[in-house]
Amino acid sequence: MRAVVVEQWGGPEQLVEREVERPEPGLNEVLVRVHAAGVNPVDWKTRASGGLIEWGALPAVGWDVSGTVEAVGPGVGILRPGDEVFGMPLFPRQAGGYAEYVVAPARHLAPKPASLTHVEAAALPLAALTAWQALVDAADVRPGERVLVHAAAGGVGHLAVQIAKARGAYVIGTASTAKHELLRDLGADEVLDYRETRFEDAVSDIDVVLDALGGETAERSLKVLRAGGRLITLPGPDDVPVAPDAVRAAWVLVEPDHLGLREIAALVESGALRPVVDTVLPLSEAAKAHELGERGRTTGKIVLSVV
């Protein structure tokens with residue numbers, strides 16, 4: 001089968017398409033024929049240095065997949081050949097999603113939302129699960145709470161805006177002015193241009209901050225939280241600032257979540273959540289996808305079409 005692998009840690013040019021042996025599903029696993037694979041910041045960060053990922057002998061990047069179940073291993077009871085599925089298998093272990101086939105534990109996948117194409121569905125798993133686990137599981141966003149989403153037009157951010165709105169929150173997002181119209185269309189109640197306005201001067205009494213940037217943004221975010229507020233930061237544990245006693249700060253690392261995927265699919269089918277796909281490229285142009293992503297100007301997600 002065709003797969004994109006990492007020749008050695010470094011720049012996008014290290015992503016090379018190779019013919020490799022097709023995997024076989026083991027106990028509680030399924031073989032998925034990949035139709036599309038999402039591209040995420042963790043992909044290019046780990047391609048550059050290996051990161052915290054447990055790599056196999058031939059490193060292969062990619063976790064977001066949408067496709068069709070080709071075969072099932074012993075013990076699988078929730079999926080059958082022919083089922084259309086999406087998910088984020090094995091993260092943070094190597095999955096090799098940039099490929100024609102991938103093996104995944106059955107419960108790392110869920111039925112693909114029928115209203116989405118495979119390209120659209122592949123844009124969801126890692127980013128939507130990150131937003132869901134941060135806002136719902138960690139922060140427990142409640143109706144009427146005020147939620148500030150940094151980098152609100154990004155891969156995680158544009159989905160976080162919608163998930164927070166679906167939870168009944170009042171949502172404020174930061175993004176460049178060119179992306180404000182999109183964010184309002186996605187449900188944001190207020191949008192700030194981070195280049196023109198310091199958010200801590202414009203907002204206050206925030207219940208939850210979702211920070212995809214880290215660094216000084218995380219530190220500054222503590223200033224806008226009310227007593228009992230929660231700061232959830234995503235870049236890494238070193239980006240969690242020391243919080244005063246009245247608020248809580250935490251780091252969330254996304255994990256495979258069958259039930260979370262089902263909740264996300266239900267939001268899609270209800271019309272409350274839709275992925276924004278910025279660019280679609282063929283599998284052979286994975287390096288170009290990384291180059292585009294690393295520029296930091298993507299609205300929504302980049303997706304590789306495999307079929």
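When all heavy atoms of L231 and S221 are compared, the pair lying nearest together is CD1-CB, 4.0 Å. A pairwise comparison of heavy atoms in A37 and G97 identifies CB-O, 3.5 Å as the closest pair. Contact detail for Q94 and P59: the closest heavy-atom pair is OE1-CA, 3.7 Å. Taking all atoms of both residues into account, the shortest heavy-atom contact from P12 to A287 is O-CB, 3.3 Å. A pairwise comparison of heavy atoms in A243 and A249 identifies CB-CB, 4.0 Å as the closest pair. Looking at every heavy atom in both residues, K179 comes nearest to A175 through CB-CB, 4.3 Å.
The shortest side-chain heavy-atom distance between V42 and L126 falls under the 4.5 Å cut-off. Side-chain atoms of V247 and R230, non-hydrogen and from C-beta on, never get closer than 4.5 Å to each other. V149 has its side chain out of reach of T174: every pair of non-hydrogen atoms, C-beta onward, lies at least 4.5 Å apart. Under the 4.5 Å side-chain criterion, counting only non-hydrogen atoms from C-beta, L159 is not in contact with T130. Considering only heavy atoms from C-beta on, V16 stays 4.5 Å or farther from V4 through its side chain. With a 4.5 Å cut-off on side-chain heavy atoms, V147 and D207 do not count as touching. Residues V171 and L183 are not in side-chain contact: their nearest non-hydrogen atoms beyond the backbone lie 4.5 Å or more apart. Under the 4.5 Å side-chain criterion, counting only non-hydrogen atoms from C-beta, P41 is not in contact with E294.
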V277 vs T279, side-chain contact (heavy atoms from CB on, under 4.5 Å): CA-CA, chis, key distance, verdict
CA-CA 6 Å; V277 177; T279 305; over 6 Å; no
query = Between V136 and R167, does a side-chain contact (heavy atoms from CB on, under 4.5 Å) hold up when you go through it step by step?
reply = CA-CA 8 Å; V136 179; R167 300 283 290 183; 3.7 Å; yes
Note to self: I'd like to know whether H35 forms a side-chain hydrogen bond (donor to acceptor under 3.5 Å, both in side chains) with E84, so could you lay out the CA-CA distance, the side-chain angles of the two residues, the decisive distance to 0.1 Å, and finally the verdict.
What the structure shows: CA-CA 10 Å; H35 293 260; E84 293 189 318; 5.8 Å; no
Query raised in the report: Would W251 and D239 satisfy side-chain contact (heavy atoms from CB on, under 4.5 Å), going step by step from the backbone distance to the final call?
Result: CA-CA 8 Å; W251 171 54; D239 289 285; over 6 Å; no
Is there a side-chain contact (heavy atoms from CB on, under 4.5 Å) between M88 and L129 once you walk through the steps? CA-CA 9 Å; M88 183 196 71; L129 281 177; 4.2 Å; yes
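When the side chains of ILVMFWY residues are joined at heavy-atom separations under 4.5 Å, either directly or via intervening members, V161 and V191 end up in a single hydrophobic cluster. No path of Ile, Leu, Val, Met, Phe, Trp and Tyr side chains, each step under 4.5 Å between heavy atoms, connects V280 with L292, placing them in separate hydrophobic clusters. Cluster membership check: L186 does not share its hydrophobic cluster with Y170, using side-chain heavy-atom separations under 4.5 Å among Ile, Leu, Val, Met, Phe, Trp and Tyr. Note on V268: it clusters hydrophobically with W132, by side-chain heavy-atom contacts below 4.5 Å among ILVMFWY residues. Linking Ile, Leu, Val, Met, Phe, Trp and Tyr whenever their side-chain heavy atoms come within less than 4.5 Å puts L222 and I172 in one cluster.
The CG atom of L259 sits 6.0 Å away from the CG atom of D257 when rounded to the nearest 0.5 Å. Taking NZ of K223 as the start and CD1 of I206 as the end, the distance is 15.0 Å to the nearest 0.5 Å. A distance of 8.5 Å separates CG in L225 from CG in L148, rounded to the nearest 0.5 Å. Here L273 contributes atom CG and L124 contributes atom CG; the two are 6.0 Å apart, rounded to the nearest 0.5 Å. Taking CZ of R33 as the reference point, atom OH of Y101 lies at 4.5 Å (rounded to 0.5 Å).
A donor-acceptor pair under 3.5 Å is formed between the side chain of E120 and the backbone N or O of T117. In terms of modelled atom types and a separation under 3.5 Å, the side chain of R47 and the main chain of V61 share no donor-acceptor contact. Between the side chain of R226 and the backbone N or O of D205 there is at least one donor-acceptor pair closer than 3.5 Å. Side-chain N or O atoms of H108 include none that pairs as donor or acceptor with a backbone N or O of A104 at under 3.5 Å. Under a 3.5 Å cut-off, the side chain of T197 and the backbone N or O of Y194 do not form any donor-acceptor pair. Remark: side-chain polar atoms of Q162 are paired, donor with acceptor, to backbone N or O of H158 under 3.5 angstrom. In this structure, Q133 contributes its side chain and E255 its backbone to a donor-acceptor pair below 3.5 Å. Using a distance-only test at 3.5 Å, with no hydrogens or angles considered, a donor-acceptor pair links the side chain of K112 to the main chain of L116. In terms of modelled atom types and a separation under 3.5 Å, the side chain of R142 and the main chain of G168 share no donor-acceptor contact.
For the side chain to side chain contact (heavy atoms under 4.5 Å, CB included) test, residues two or more places apart in sequence or in another chain that qualify with V69 are V30, V72, L79, D83, V85.
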Determine all donor-acceptor pairs shorter than 3.5 Å in which one atom belongs to a side chain in residues 298-306; sequence neighbours excluded.
{"residue": "K301", "atom": "NZ", "partner": "N40", "partner atom": "OD1", "Å": "3.2"}
{"residue": "K301", "atom": "NZ", "partner": "D64", "partner atom": "OD2", "Å": "3.2"}
{"residue": "K301", "atom": "NZ", "partner": "A123", "partner atom": "O", "Å": "2.9"}
{"residue": "S305", "atom": "OG", "partner": "V307", "partner atom": "O", "Å": "3.4"}

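Electrostatic pairing of R2 and E17 counts as a salt bridge here, judged by a charged N lying under 4.0 Å from a carboxylate O. Under 4.0 Å is where a charged nitrogen must lie from a carboxylate oxygen, and between R184 and D189 no such pair does. A salt bridge is absent between D211 and R220; no separation between the charged side-chain nitrogens and carboxylate oxygens falls under 4.0 Å. Note on R18 versus E7: salt bridge recorded, some NZ/NE/NH1/NH2 to OD/OE distance being below 4.0 Å. We find that R274 and D185 are joined by a salt bridge, their nearest charged nitrogen and carboxylate oxygen being less than 4.0 Å apart.
With a 6.0 Å radius and a threshold of 12 heavy atoms from other residues, nucleotides or ligands, R297 has its CZ atom at or below the threshold. In the displayed structure, E19 atom CD is contacted under 6.0 Å by more than 12 heavy atoms of other residues, nucleotides or ligands. Residue-environment remark: CD (E13) exceeds the threshold of 12 foreign heavy atoms within 6.0 Å. Counting heavy-atom neighbours within 6.0 Å of R107 CZ, excluding the residue itself, gives a total of 12 or less. For R22, the CZ atom counts as densely surrounded, since its 6.0 Å shell holds more than 12 non-hydrogen atoms of other residues, nucleotides or ligands.
F86 pairs in a side chain to side chain contact (heavy atoms under 4.5 Å, CB included) with only one of the listed residues (L109, V65, L261), which is L261. Under the side chain to side chain contact (heavy atoms under 4.5 Å, CB included) test applied with T233, the options T217, V240, L213, V252 reduce to a single match, V240. Each of V156, V209, L192 was scored for a side chain to side chain contact (heavy atoms under 4.5 Å, CB included) with H150, with one residue passing: V209.
Residue pairs that meet the side chain to side chain donor-acceptor pair (under 3.5 Å) test with at least one member in residues 260-269, sequence neighbours left out, are S115-E269, H258-R262.
A donor and an acceptor atom, one from each side chain of D43 and Y98, are located under 3.5 Å apart.
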